[in-house]
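Comments concern the structure below.
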Protein chains: 2
Amino acid sequence: MSKLPSLKNLSYLLALHQHQNFNRAAQACHVSQSTLSSGIQNLEEQLECQLIERDHKSFLFTAMGEQVVEQARQIITSAEEMLHYAQSQGNQMEGPLRLGCIPTIGPFLLGKLSKRIQEKYPKLQLNIAEDTTANLLQALRNGELDVLILALPMDIQGNQQWVLGRDPFKLVMHKSLAATINEPVDYDQLPDRSIFLLEKEHCLTGHAVAACQLSDSSKINPFTATNLHSLVQMADARLGATFIPQMAIDQGILKDTDLVPLQPSGREASRDIGLVYRATTNRRQTFRKFAEEIADLLPENTLK
Amino acid sequence: MSKLPSLKNLSYLLALHQHQNFNRAAQACHVSQSTLSSGIQNLEEQLECQLIERDHKSFLFTAMGEQVVEQARQIITSAEEMLHYAQSQGNQMEGPLRLGCIPTIGPFLLGKLSKRIQEKYPKLQLNIAEDTTANLLQALRNGELDVLILALPMDIQGNQQWVLGRDPFKLVMHKSLAATINEPVDYDQLPDRSIFLLEKEHCLTGHAVAACQLSDSSKINPFTATNLHSLVQMADARLGATFIPQMAIDQGILKDTDLVPLQPSGREASRDIGLVYRATTNRRQTFRKFAEEIADLLPENTLK
DNA sequence: TACAACAATCGAATTAACCAATCAGGACGG
DNA sequence: CCGTCCTGATTGGTTAATTCGATTGTTGTA
């Protein structure tokens, strides 16, 4: 049996992959460039395969190198999790928890969530990042984040998820317009191009269109907004209607407007809110307790 | 950030956990007892927690120690998988594959399977263990086995599975008895205590009773057999009837007997055959290809 | 042509890993 | 009660591995 590679050398490899430069990677690891260089060579010998192609000036990770980086990342993350678990004496709700959240959920949930966590688990230190689903999944994969709050259904790749709750969509429009509309809303009652949506980077757009059975694309205005507050302002200016999730409404996004929420078409006009985490984690129990806290704050808790 | 524990020390811990004795563990690791002893102490310092309680004569793993062992096992298994993956240059179907299988499947599948694997993937070296479901799951958990072929449905704990195929049950009895019976068999046609089953350690018993809707337990003879061949012999001696899986019949278990297979009651009188593996593995692709080979050999391939 | 940037290599100094031998406590037997 | 055996811990010296600063060789650029 050949000797296992050392975690130290694996971490050198990760740093090199991240910085794409021996000097900067060495700095990040607090070692000299020569140490890191020989560490990598050492690793290549132990694994008996070439991880990076050198062309005298620079280098490139080989396909195998990339694969090894992937696996090394998982191993080191596991080791870190173990270290933290042991050092906190098994107290699961302690230490840093790096949370990623999409922008159509974050502003309407994270305030309440932080407060609740702070009260109930003061030793749990929540670090929050807000980004698109795709970027968050990448960060999760890279071990930069621990858990994500996403809207489902979604391709979460190799990760695992719990469905925390349902968040109904409402079709929001000016009260003067709403007076002429029957619920649940048949979109034929609306003029063409009268429905405004978010930029397509936001998964909310697709979820709303699918869940609310808005099949007639001529009703959609080609202008897209960058966030929910813009949508609300546009609707309040009587430009048209838009889909707003219940949790945003609960947080008062319609306050000081003349907008009213109507029930859209679709038997289940809602999105699911889920917690996504790496399949390889061993902090499932922490994440589970965390999931329960989140689910309690959602319009409809479906976490069993 | 504190220093990560070394894989070497973690492996010492695993050996100690396995052997429950410093000397034997040290031997297994090919190091001296003092090396292993200080390795463990080192680990405890790094993790800043007590892993074993010493009472001058012997020792005991603390609860935390047991937890750390669990996680260490996963980390080391991952590292071994990475090492092997790199050394085989990414060739997935190469090197050892440790397979566990239950005794009501093994004898009727593994012969054909070994032959097929040997032909198609000659570099894949199949190591086979046969045991009960519970023991196999324990071995999988301990990293002693890589994949299990089990009968489903089954509580596979934290592991993952693919359903490979269906294996119908047949009610087997002597042809003289069968002549008086209508298919699918209504058990009322059979005398009390005329159905023989395996010992309850075998999951086949429960699966057959459930799938074939044998609700009347008075039909079951309290004597239990240790393997399918015994059941066949007993049925052939006209002691009664028994459930035999199709794959055993296909492999000729009824040859040279006067037994005939009848269709039992139950809409889906069958068990599922599944491949079970650790959720934390990174050899999924290997296992998947392997799964396809197995599924091809089953009475009814349901692997999508 | 000189220079800056980069990764590899070298040699010395430091550190850690390791082992054999020994120690100390408890169990067992005579 | 004393000696022996078995346990894991400790010690001290040796060896092997790690690390660093300095240097080398190559490449691209001013």
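So that the names make sense, note that chain A is the first sequence line, chain B the second, and so on, each numbered from 1. Keep in mind it's a predicted model, so treat the numbers as computed, not measured.
Considering only residues two or more places apart in sequence or on other chains, B/Q161 meets the side-chain contact (heavy atoms from CB on, under 4.5 Å) condition with B/L152, B/I156, B/V163, B/V276. With sequence neighbours left out, B/N159 forms a side-chain hydrogen bond (donor to acceptor under 3.5 Å, both in side chains) with no residue at all. Every side-chain hydrogen bond (donor to acceptor under 3.5 Å, both in side chains) that B/E144 has, sequence neighbours left out, goes to B/N142.
Distances shorter than 4.0 Å separate none of the side-chain N or O atoms of A/N23 from OP1 or OP2 on C/dA5. Taking 4.0 angstrom as the limit, A/Q41 places none of its side-chain polar atoms (N or O) nearer than this to OP1 or OP2 of C/dA7.
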Which donor-acceptor pairs under 3.5 Å do side chains of residues 124-132 of chain B form with protein atoms, sequence neighbours excluded?
residue	atom	partner	partner atom	Å
B/D131	OD1	B/N135	ND2	3.0
B/T132	OG1	B/N135	N	3.4
B/T132	OG1	B/N135	ND2	3.3

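Taking atom CZ of A/F22 as the reference point, atom P of C/dT9 lies 10 Å away to the nearest angstrom. Atoms CD (B/Q20) and C1' (D/dC6) sit 16 Å apart, rounded to a whole Å. Atom-to-atom, CG of A/L43 to C1' of D/dT18 comes out at 15 Å; the value is rounded to the nearest Å. Between the CZ atom of B/F59 and the C1' atom of C/dG26 there is a distance of 16 Å, rounded to whole Å. In this entry the distance linking CD of A/Q27 with C1' of D/dC20 reads 15 Å, nearest Å. For the pair A/R54 CZ and C/dA5 P, the interatomic distance rounds to 22 Å; values are reported in whole Å. Rounded to a whole Å, the CD1 atom of A/I40 is 16 Å from the C1' atom of C/dT9. Distance NE2 (B/H19) to P (D/dT7): 13 Å, rounded to an integer number of Å.
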Test A/Q71 against B/Y85 for side-chain hydrogen bond (donor to acceptor under 3.5 Å, both in side chains), laying out the working first. CA-CA 10 Å; A/Q71 303 190 29; B/Y85 176 80; 5.2 Å; no
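Applying the side chain to side chain donor-acceptor pair (under 3.5 Å) test to residues at least two apart or on different chains, the pairs with a partner in residues 16-33 of chain B are B/H17-B/E66, B/S32-B/S34, B/S32-B/T35.
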With the sugar-phosphate defined as primed atoms, P, OP1 and OP2, and the base as all remaining atoms, what B/S/- string results for nucleotides 15-23 of chain C, 5' to 3', for protein heavy atoms under 4.0 Å? --SSBB---
